[in-house]
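Numbers restart at 1 for each chain; the letters A, B, ... are given by sequence-line order, proteins then strands.
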Number of protein chains: 2
Amino acid sequence: MTESTAQRARAEVSPNNACPIAPVVDIVFSRWTTPILWALNEYGRQRFVELERRIATITPKVLTQRLRQLERDGLVLRTYHPEVPPRVEYEISELGRSLAPLFAALAAWSPNLGTVEEARRAYDARQGAGGHSA
Amino acid sequence: MTESTAQRARAEVSPNNACPIAPVVDIVFSRWTTPILWALNEYGRQRFVELERRIATITPKVLTQRLRQLERDGLVLRTYHPEVPPRVEYEISELGRSLAPLFAALAAWSPNLGTVEEARRAYDARQGAGGHSA
DNA sequence: ACCAGTAGGTACCTAGAGGAAAGTAATGGG
DNA sequence: CCCATTACTTTCCTCTAGGTACCTACTGGT
C-alpha cells in the first residue's frame, strides 16, 4: 500500500493540464531511472551488484525501488534464478528499447550544455556583481 | 546562497558516471520545467499570471523559482516592464526552442503509455492476487 | 560453529523540496 | 482612506524521497 500511495502521489503532483508529455517524463525521467535504463541499454543484461557498482552513488534500497518501478512499468525485465546464492538478472525490455530514439535526442542536445553553462555564468555575473539595481 | 546550494546538491546526486545524458535530464526535466517550457513553447510569450493559471497546480513561489532557474540556464527570456502594476513577460529562448525535437520525441513515444498501463495492471494482478509465493 | 556472498527487506532518521499564507511597492479607482 | 492588481518575497510548515544501518534465507567452505 505504501508503494501505490507513492505512485499516486507522483501522479497527483504532475500537472498534466494540457501538457501531454508530462506523463512520459514522469515514467521515463523520474529520479535514477535515466542512469539505470541507460546502463541496461548500453551494457546489456546485468546482475544487481553490477548495476550497483556501475551507478556507484545509488544505495541498494533505492536501486531495488527503481528496478521494481521499471519492472512494473514494463521497461525492464527481471529474471530470478533460485540458486544457492540467489542470482537475479535485469535487462531492458522491448518497450524499454523503444526509448532509444528519445535517448538519442537527449544525446543530440547535449552539445548545448556548454551554452547553458555560459548562460549561467553570464546570469551569475549580472547578479553577483553590483549590477542588480535597487 | 540557498539557490546555489540547491543547484550544487542536484548536481552532486546526479550520477553522471559514464551516463552522458543525465546532465541534460537534470536541466530540462527537473520538476515543473516540462509544463513551463511546454506552455511557453505552445502559447508563446506570456505573463506570470497566465502561466500560473495555465499550470494551475503550481504555487507562485515555485513558479518563480523554476522561471529563475530556466532564465539562468538560458532557456527562457524574461522581460520586465517597470509600469505601475509591474508587468513581466516570459518567452522561450532560441536555446529553449532547440529542445523542440526532444519534445517531439517525447510526444512520439506517448502512444506507448497504454502499454505501460497494461504492464502495470498485469504486474499488480500478479502481486495483488495470491500469486506471490512464500 | 562461523563466515562469506546475493538480493534484497525493514526501521529509523534527516534534508530539502514544495505548499500555504501573508507581506511588499506603487498607484489608480471609488 | 481603503481596496485591487502584479509579480513576486518571505516565513513557516509538512511530507516524503532517499540515506544509514541492520536484518533475512540459503548453502558452501574451513
Inset, instruction - Measure from CD on Glu52(B) to P on dC8(D) and round the result to the nearest Å. - result: 10 Å

Legend entry - Taking every non-hydrogen atom, the tightest pair across Pro23(A) and Cys19(A): CD-O, 3.9 Å

Validation: residues 77-90 of chain B side-chain donor-acceptor distances under 3.5 Å, sequence neighbours left out:
| from | atom 1 | to | atom 2 | distance (Å) |
| --- | --- | --- | --- | --- |
| His81(B) | NE2 | Glu89(B) | OE1 | 3.3 |
| Glu83(B) | OE1 | Arg87(B) | NE | 3.2 |
| Glu83(B) | OE2 | Arg87(B) | NE | 3.3 |
| Glu83(B) | OE2 | Arg87(B) | NH2 | 2.8 |

Inset, instruction - Classify the side-chain pair Gln69(B)/Arg66(B) by whether it contains a donor and acceptor separated by less than 3.5 Å. - result: yes

Inset, instruction - Using a cut-off of strictly less than 4.0 Å, decide whether Thr64(B) has a side-chain nitrogen or oxygen near OP1 or OP2 of dC8(D). - result: no

Inset, instruction - Quick one: list whatever passes salt bridge (charged side-chain N to carboxylate O under 4.0 Å, His left out) with Arg47(A), sequence neighbours left out. - result: none

Legend entry - side chain to side chain contact (heavy atoms under 4.5 Å, CB included) between Ile55(B) and Trp32(B), intermediate numbers included: CA-CA 9 Å; Ile55(B) 302 181; Trp32(B) 294 113; 3.9 Å; yes

Inset, instruction - Could you tell me whether the phosphate oxygens of dA17(D), OP1 or OP2, come under 4.0 Å of any side-chain nitrogen or oxygen in Arg66(A)? - result: no

Inset, instruction - Let me know the distance between CD of Gln46(B) and C1' of dA7(D), rounded to the nearest Å. - result: 15 Å

Inset, instruction - Return the angle between end axes of the helix from dA1(C)-dT30(D) to dG30(C)-dC1(D), with five pairs used per end and rounding to 10°. - result: 30°

Legend entry - Arg68(A) CZ to dA17(D) P, straight-line distance once rounded to whole Å: 17 Å

Legend entry - Spacing between Ile36(B) atom CD1 and dA7(D) atom C1', to the nearest angstrom: 15 Å

Inset, instruction - Taking all heavy atoms of Thr33(A) and all of Ser30(A), pick out the closest pair and write down the distance. - result: OG1-O, 2.5 Å

Legend entry - Derivation and outcome, side chain to side chain contact (heavy atoms under 4.5 Å, CB included), residues Leu37(A) and Asn41(A): CA-CA 6 Å; Leu37(A) 286 174; Asn41(A) 189 60; 5.9 Å; no

Inset, instruction - Could you tell me which non-hydrogen atom of Gly74(B) sits nearest to which non-hydrogen atom of Ser93(B), and how far apart they are? - result: O-OG, 2.6 Å

Inset, instruction - Would you name the heavy atoms of Ala108(B) and Pro111(B) that are closest together and state the gap between them? - result: O-CD, 3.1 Å

Inset, instruction - Give the rounded distance in Å between these two atoms: CG of Leu67(B) and P of dC8(D). - result: 8 Å

Close N/O contacts between protein and nucleotides 21-23 of chain C (under 3.5 Å):
none

Legend entry - Below 4.0 Å: OP1/OP2 of dA7(D) and any side-chain N or O of Arg78(B): no

Inset, instruction - Look up atom CZ in Arg54(B) and atom CD1 in Ile36(B), then write down how far apart they are to the nearest 0.5 Å. - result: 12.5 Å

Legend entry - Over all atoms of both residues, closest heavy-atom pair of Leu51(A) and Ala39(A): CD2-CB, 4.0 Å

Inset, instruction - Using atom CD1 of Ile58(B) as one end and atom P of dA20(C) as the other, report the distance to the nearest whole Å. - result: 12 Å

Legend entry - Under-4.0 Å side-chain N/O to phosphate OP1/OP2 contact, Arg31(A) with dG18(D): yes

What N/O pairs connect the protein and nucleotides 4-6 of chain C at under 3.5 Å? Give each pair on its own line.
| from | atom 1 | to | atom 2 | distance (Å) |
| --- | --- | --- | --- | --- |
| dT6(C) | O3' | Arg47(A) | NH2 | 3.0 |
| dT6(C) | O3' | Pro86(A) | O | 2.8 |

Legend entry - Protein-nucleotide distance (Glu83(B), atom CD; dG28(C), atom C1'), rounded to Å: 14 Å

For residues 94-103 of chain A, tabulate all N or O donor-acceptor pairs below 3.5 Å that involve a side-chain atom, not counting sequence neighbours.
| from | atom 1 | to | atom 2 | distance (Å) |
| --- | --- | --- | --- | --- |
| Arg97(A) | NH2 | Ile92(A) | O | 3.4 |
| Ser98(A) | OG | Leu95(A) | O | 2.5 |
| Ser98(A) | OG | Trp109(B) | NE1 | 2.9 |

Inset, instruction - For Gln65(B) and dT11(D), give me the distance from atom CD to atom P, rounded to whole Å. - result: 14 Å

